[in-house]
Amino acid sequence: MKRASTLLTAGSLLALSAAPALAEEKYALAVDTAYIFNTLLFLIGGFLVMWMAAGFAMLEAGLVRTKNVSMQCLKNIALYSIAGLMFWITGYNLMYTGVDGGFMGSFGPYSFDPVGGNALDAGYSTASDWFFQMVFCATTASIVSGTMAERIKLWAFLIFVVVLTGVLYPITGSWQWGAGWLSEMGFADFAGSSLVHSVGGWAALSGAIILGARKGKYGKNGQVYVMPGSSMPLATLGTFILWLGWFGFNGASQLAMGTIGDVTDISRIFANTNMAAAGGVVVTIGLTQLLYKKVDVTMALNGALAGLVSITAEPLAPSVLQSVLIGGVGGAIVVFAVPMLDKLKIDDVVGAIPVHLLAGIWGTLIVPLSNSDASYVTQFIGVAAIGIFTFVASTIVWYAIQLLVGLRVTEEDEAMGLDKAEIGVEAYPEFGTGSQRL
């Protein structure tokens, strides 16, 4: 037994002496491994955020009236496609190429790595990065779609999407994520409470004011008439899809998964993101019960989304309790902002302005609570600059579109529903006017 043991030890030593040479041939170098995992993070995060397009489509389909459901589905698949094209044609370069502390990058299409190539100096595949950034761009346009539903012309909306995704969003994004002037100041927005959500919210607010409310939404004496959505199950499904996609939205914004520290931080981001959404739901349910003696399911759904938007500016640094509180305040914003908008006669069909604009502002301003590297003054400057630019630029574009093709459908088309008036496909023909032909 002793001899056998000695022979085994000698054999083991021989194997170990050969291990470095075998490892060199069989296993990737550390830099290659980091490249692979970083790229994988972008791809997984990207398709999770892409799935949010389905979430927005289902949420909006559930919150509009039956006669406008097909239109919202069409708008969402169209805007996602337009965003992809525009972000390749010029958006990515405008956001990331040659910003150098300035106000925008350069115009022109983006080039990927050659077939079989690598970008080891970057640490990830350039195509994976482009894809991840592109789906964020599409998310911004989805926010506008819901607010202006049921009365805007299809082609007017799509023209705006071209400008928003190709020019407006990339410019403000370059200020921070493209190493522009806000980045130089120390502005912090980890995954886009302002750069994505508030940008979409400002564009939606501008459009809603210019477009006006749906016919019959507000009375002459300040009455507010509820226009119930077509399907609460669809709206709930959409919310859960968005909640799932948000793990890619926030988690992959770590931008690296090549070390144990990165993976640990991504896990923490997942947990904080989830807790903020939970806090938003619970606070919304509690407040609506106290204020209205009934719990409103649409408020609860938007409470989850507001919690998610609120934590997006800084999902890594907060403690669990801080995450719950940040998300909870986002939920409270929804409860109080929805009736405020109605008093101002700003018709936001799905509640995107409270969720994405106001909760986005809150989430951005509260970053220094948990991130000592951020400054309240700098955060305020960033919020104000992004807001002023996006609102003013969007207003100019909306008015230009109004002069070019008109923004609003006729009263007859609005009453008929855009499914039938503009695209000729009813979502539920056996329950709508189409049932008369069956």
Side-chain angles (χ1 to χ4, degrees), residues 28 30-53 80-102 104-141 165-167 169-180 182-183 188-197 199 245-259 261-263 265-266 269-270 312-313 315-316:
V31 65
D32 298 331
T33 302
Y35 179 96
I36 292 166
F37 278 103
N38 292 343
T39 297
L40 187 63
L41 177 68
F42 281 132
L43 295 176
I44 293 174
F47 70 62
L48 279 170
V49 179
M50 183 272 169
W51 188 230
M52 292 174 72
Y80 179 81
S81 303
I82 290 170
L85 292 170
M86 293 306 302
F87 206 64
W88 172 74
I89 290 169
T90 192
Y92 186 95
N93 275 344
L94 195 58
M95 190 165 173
Y96 288 105
T97 304
V99 183
D100 301 326
M104 70 175 70
S106 57
F107 289 93
Y110 184 67
S111 299
F112 303 138
D113 296 331
V115 175
N118 66 63
L120 287 176
D121 55 335
Y124 48 80
S125 161
T126 55
S128 71
D129 177 52
W130 176 87
F131 175 65
F132 182 63
Q133 304 301 339
M134 179 277 293
V135 290
F136 275 60
C137 179
T139 298
T140 307
T165 57
V167 181
Y169 167 80
I171 287 176
T172 51
S174 75
W175 295 353
Q176 168 64 14
W177 292 340
L182 277 180
S183 177
D189 191 355
F190 190 92
S193 285
S194 278
L195 294 170
V196 177
H197 297 283
V199 166
W246 231 285
F247 295 122
F249 202 97
N250 287 357
S253 291
Q254 177 71 9
L255 303 183
M257 197 171 67
T259 67
D262 285 324
V263 172
D265 286 350
I266 291 168
I269 289 169
F270 271 49
T312 293
L316 175 59

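Computed over heavy atoms, backbone and side chain alike; hydrogens, waters and symmetry mates excluded.
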What distance do [X] atom [atom1] and [Y] atom [atom2] have between them, rounded to the nearest 0.5 Å?
X	Y	atom1	atom2	result
Q254	D265	CD	CG	5.0 Å
F247	M52	CZ	CE	11.0 Å
I269	N250	CD1	CG	7.0 Å
I36	L41	CD1	CG	14.0 Å
S253	F132	OG	CZ	4.0 Å
L195	C137	CG	SG	12.5 Å

[X] versus [Y], closest heavy-atom pair with distance:
X	Y	answer
Y80	A53	CD1-CB, 4.1 Å
A252	F42	O-CE2, 4.5 Å
A83	M134	O-CG, 4.3 Å
A141	T165	CB-CG2, 4.1 Å
S128	L43	CB-CD2, 3.7 Å
T97	N93	OG1-OD1, 2.8 Å

Okay, side chain of [X], backbone of [Y]: is any donor-acceptor separation there less than 3.5 Å?
X	Y	value
W88	P109	no
T39	S125	yes
S106	L94	no

TODO: Give me the ring orientation class for Y169 and F87: parallel if the planes are under 30° apart, tilted from 30 to 60°, perpendicular past 60°.
DONE: tilted

- [ ] Given side-chain contact (heavy atoms from CB on, under 4.5 Å), test Y35 with V31 step by step and report yes or no.
- [x] CA-CA 6 Å; Y35 179 96; V31 65; 5.8 Å; no

- [ ] Give the intermediate values and the outcome of side-chain contact (heavy atoms from CB on, under 4.5 Å) for residues T139 and F249.
- [x] CA-CA 10 Å; T139 298; F249 202 97; 4.1 Å; yes

Open item on the list: I'd like to know whether CZ of F270 has more than 12 heavy-atom contacts from other residues, nucleotides or ligands below 6.0 angstrom.
Closed with: yes

Open item on the list: What verdict does the side-chain contact (heavy atoms from CB on, under 4.5 Å) test give for W175 and D189, after you've listed the backbone C-alpha separation in whole Å, the side-chain angles of each residue and the deciding distance to 0.1 Å?
Closed with: CA-CA 11 Å; W175 295 353; D189 191 355; over 6 Å; no

Open item on the list: Assess the residue pair D129 and Y92 against the criterion (side-chain contact (heavy atoms from CB on, under 4.5 Å)); give the C-alpha distance rounded to whole Å, side-chain angles, the decisive distance to 0.1 Å, and a yes or no.
Closed with: CA-CA 10 Å; D129 177 52; Y92 186 95; 2.3 Å; yes

